[in-house]
Structures are given as C-alpha cells and as structure tokens.
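The structure appears below as structure tokens.
Each chain gets a letter, A, B and so on, in the order the sequences are listed, and its residues count up from 1.
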Number of protein chains: 2
Amino acid sequence: MARTREFDEEQVLHAAMQLFWEKGYEATSLSDLTARMGITRPSIYSAFGDKKELFEAALRKYTMTRASEMRTKLQSNPSVKEAFRTFFEDVIAEEYSGGPSRGCFCINTMVELAPHDEKFEILTREHQMYLSVIFQETIERGIQSGELKAVADAKALAQALITSLIGLTVILKSRPQRAFVDNTLDVTLSLLK
Amino acid sequence: MARTREFDEEQVLHAAMQLFWEKGYEATSLSDLTARMGITRPSIYSAFGDKKELFEAALRKYTMTRASEMRTKLQSNPSVKEAFRTFFEDVIAEEYSGGPSRGCFCINTMVELAPHDEKFEILTREHQMYLSVIFQETIERGIQSGELKAVADAKALAQALITSLIGLTVILKSRPQRAFVDNTLDVTLSLLK
DNA sequence: AAAATAACGTACTGATCGGTATGTTATTTG
DNA sequence: CAAATAACATACCGATCAGTACGTTATTTT
C-alpha cells in the first residue's frame, strides 16, 4: 500500500456507465470519459483496464442494478396485471420525460456489440434471460393467487413479454406517437388473462 | 459532360449498405468503405457527399427494398395467419443461418443514431410506421376473408406485432436458445385469432 | 525519519480518423 | 482537332483516436 485513491471507484464507474449508456461504445472517446468521470486517463487504465474492460464493468453495474429494480417494482404490487402495466408504463414515461432517449444500456449493447463480440453476446443474452425469469416468477405468482388462468404457459408468456419490452424500448427511440405505444401496450398486456 | 463514371452507383451503394448494415455508422471507416465499394475516397464524396449522407442513402435504399419485400411476402400467402408465421419464421431463419447477425439495418440505426440525430429519428420512425400499415392491411384482409375475428382492432394489433418483430430482431443478436424464440413466436401469433 | 510504493498530472506516442488539394487521364462538345 | 470538363489516382491535411512513458506527490511500512 502507498498513496490512497482520490476518487471513489463506484462513483466514477457510475459516471462512465451514464456516458456509455447515452452514447454507446464507439461514439464515446477516452476524452469524453475523463471529462465526465473527473479523473485522468492513466487513472482509468489503472483502475479499470482498457476502454472495453471499462465498458464491460459499466454494463455489469447496469444489468445488476436494473435487474434488482425490476424485481422490486414487480413484487411491490399485489396485482400481477397492475404490476406489469405499471412497469411498462414507467418505461414509456421515462422515454417521454424529455431528456435524451437512452433506452436500455443492455439493449443498446446487444445491437452495437453482441454481433461482433462473443463476450457481449453472452452477457446481454444472460441478462435478458434473467429478466424473463423475473417475468415468469411474477406470472406464476398471478397463477397461484388465482388472478391469472392456470392454463397459461408462464415461461413462454414471460419470454414473449420480454421480447415486446425490448421492441417497445427500441421503438421509443424513434419517438413514435403516443397512440402507437398505448395501442401496443394494451394489446401486449391482453396476453395476461 | 466529360469523362464517364467507371463505377455503377447502385452497385457501390449496395456495397456500402451491406457494410453499414453489418457494422453500424461509427464502426465503419472511410477506409472500410473504399475497400468494400471498390472506389476511391474522392469518388465517394463526389457521388454521395460525406459519410453521413452516404449512410443516409444506404439506409433509404435499405428501407425501400425491405418494405417492398415485406409487402410481397405477406401478400403471397392466401392465409393471413400463415403469412405472418412464415414471415416471422423467415426472420428467425435468417439470423440462425450462420452468417454475421446483421439484424435489421433500420433497427440498428434507430438504436445507434435516432436518439442523437433528428433526421434518423424521423427516417426510422416513418419506416416502422409504414411497416405497421402493411401489417394492418394484411390483418384487415384476414378480417375481410373471415379468417380473423372482426372484433380485432387491426391497427392496434399491427402495431403490437411490429413491436414484437423489433424485439425479436434485437434479441436474436444475442443468439438466444431456439426454444425462447419459438415460445415468443407462438405467444405473439396467438394474438391473431 | 527513511525506504518503498502506488496514485497522480503532464505530455507524448504511432495510428487512424474524416475529408480534400492537386495533378492526370479520359470523354464530350464546339 | 482543340478546348472544356469531369472522373480518376495519389498523396496529403489537421484532428482525434486509444493507450502509455515518465517524473512528481502523497501515503504506508519498516
């Protein structure tokens, strides 16, 4: 041990996450990163490795946080149908809140890097699979409570809902009319019965 | 008039389209483009303008071709349900065919550029809206023929299907298990009744 | 207090980026 | 045939890229 770090690793990683989330991997330069993170270039390399490793750390932080938030939101509502509707409506509200349309960091990465980098193919796939399990558990809770019909194939339904969520998140980037989104949501949630 | 072009504009634009489709805007360099298009840098600039204008031309070519193909595919099957299933299965088969997972050029652009460039926000949105109209017309054909229930809200249903198609196209980039995709497809198509 | 060590800031590296100036070659028009 | 013109190839531009060498400063350990 010698001199102590003058920055908080979690804090600067959070800053890097925000930037990568907003701009993607290629469009974010090291200069952008040092400016936003508030630390110098060598500090980044000593703490996180190269640009791609930093990106990976940022994405891992994102997926963990996101999965946890999602689980909490879905569990907080006793009605499964309401839980899903609120969840989807929050995603929509986030995009229409005026700020830059960041969408989902994991989905952005799935599009930009997964096809050319196996590490990110796996990382993004596993996150989506994990989310679909959270959906599935929520659906199963609805079946247990009698709110949903027992004949429903919870797993298949969860996977279809995740796919719709991805589609919704992506198309929101093109800022479609509100009616498009509302229609999509109504039809998609009609699968829960 | 003077010396005549030694290259075919359509042909080199097609090459540029393939490259942008595969790698995206930022990750494609002018050197990549000259190599694949087989023409020199100044030739690109005189024929198409700068990199972003070339990208736009490539995307426009893609969306026109794609919309036309889609219309043809959906119209070629007398059964609307079968038409949709075949259409979705072709999208899936394309991604599992072994080659590089390019997905949909328009969706890729929606993720990479739409949030930071209004021109592409509009261009990608209008393409998706156009596709949803094609879906809607197909659903209406099914209602007319009696294959689908008349109570269906054709427009809302079409929009939900487009959203699912986007989600499916995106998640295919992470190469999920075949069962995930099959489940999603079955549940999604169950909306057509 | 002295030696060791790790984080710091500065300044630099070669490579590559998008874009262009310039001279040459080929075709058209007068 | 000669003048005009546009597409060609080469070679270059300044800017920026990701990544690092190196000397300084601060903290820990002996």
**Item:** NZ/NE/NH1/NH2 to OD/OE distance under 4.0 Å, A:Arg60 and A:Glu56
**Value:** yes
**Prompt:** Nearest of D:dA9, C:dA7, D:dT27 to any side-chain atom of A:Thr4?
**Reply:** D:dT27
**Complete:** In whole angstroms, the gap separating C1' of D:dG19 from CD1 of A:Ile44 amounts to 11 Å
**Rounded distance in Å - CD (B:Glu9) to P (D:dC8)** = 10 Å
**Item:** salt_bridge(A:Arg85, A:Glu89) N-O dist < 4.0 Å
**Value:** yes
**Message:** Would the distance check show the side chain of B:Arg175 and the main-chain N or O of B:Glu95 forming a donor-acceptor pair, the cut-off being under 3.5 Å?
**Reply:** yes
**B:Arg141 and B:Glu137 ion-paired at < 4.0 Å** = no
Return the polar atom pairs (N/O with N/O) between nucleotides 15-19 of chain C and the protein under 3.5 Å, or none.
from	atom 1	to	atom 2	distance (Å)
C:dC17	OP1	B:Ser29	OG	3.3
C:dG18	OP1	B:Thr28	O	3.3
C:dG18	OP1	B:Lys51	NZ	2.8
C:dG18	OP2	B:Leu30	N	2.7
C:dG18	N7	B:Arg41	NH1	2.9
C:dG19	OP2	B:Tyr45	OH	2.5
C:dG19	OP2	B:Lys51	N	3.1
C:dG19	O5'	B:Tyr45	OH	3.1
C:dG19	N7	B:Arg41	NH1	3.1
C:dG19	O6	B:Arg41	NH1	3.2

**Item:** Check ion pair A:Asp182-A:Arg178 (N to O, under 4.0 angstrom)
**Value:** yes
**Asked** Closer than 4.0 Å, any side-chain N/O of B:Ser43 to the OP1 or OP2 of D:dC8?
**Response** yes
**Request:** Whole angstrom is fine here: how far is it from CE in B:Met37 over to P in D:dC8?
**Result:** 12 Å
**Request:** Could you check how far CZ of A:Arg5 sits from P of D:dT27, rounded to whole Å?
**Result:** 15 Å
**Asked** Which atoms form the tightest heavy-atom contact between A:Arg66 and A:Phe87, and what is the distance?
**Response** NH2-CZ, 3.7 Å
**Prompt:** Quick one: on DNA chain C, does A:Pro42 or A:Ser46 contact a more 5' nucleotide (nearest heavy atom)?
**Reply:** A:Ser46
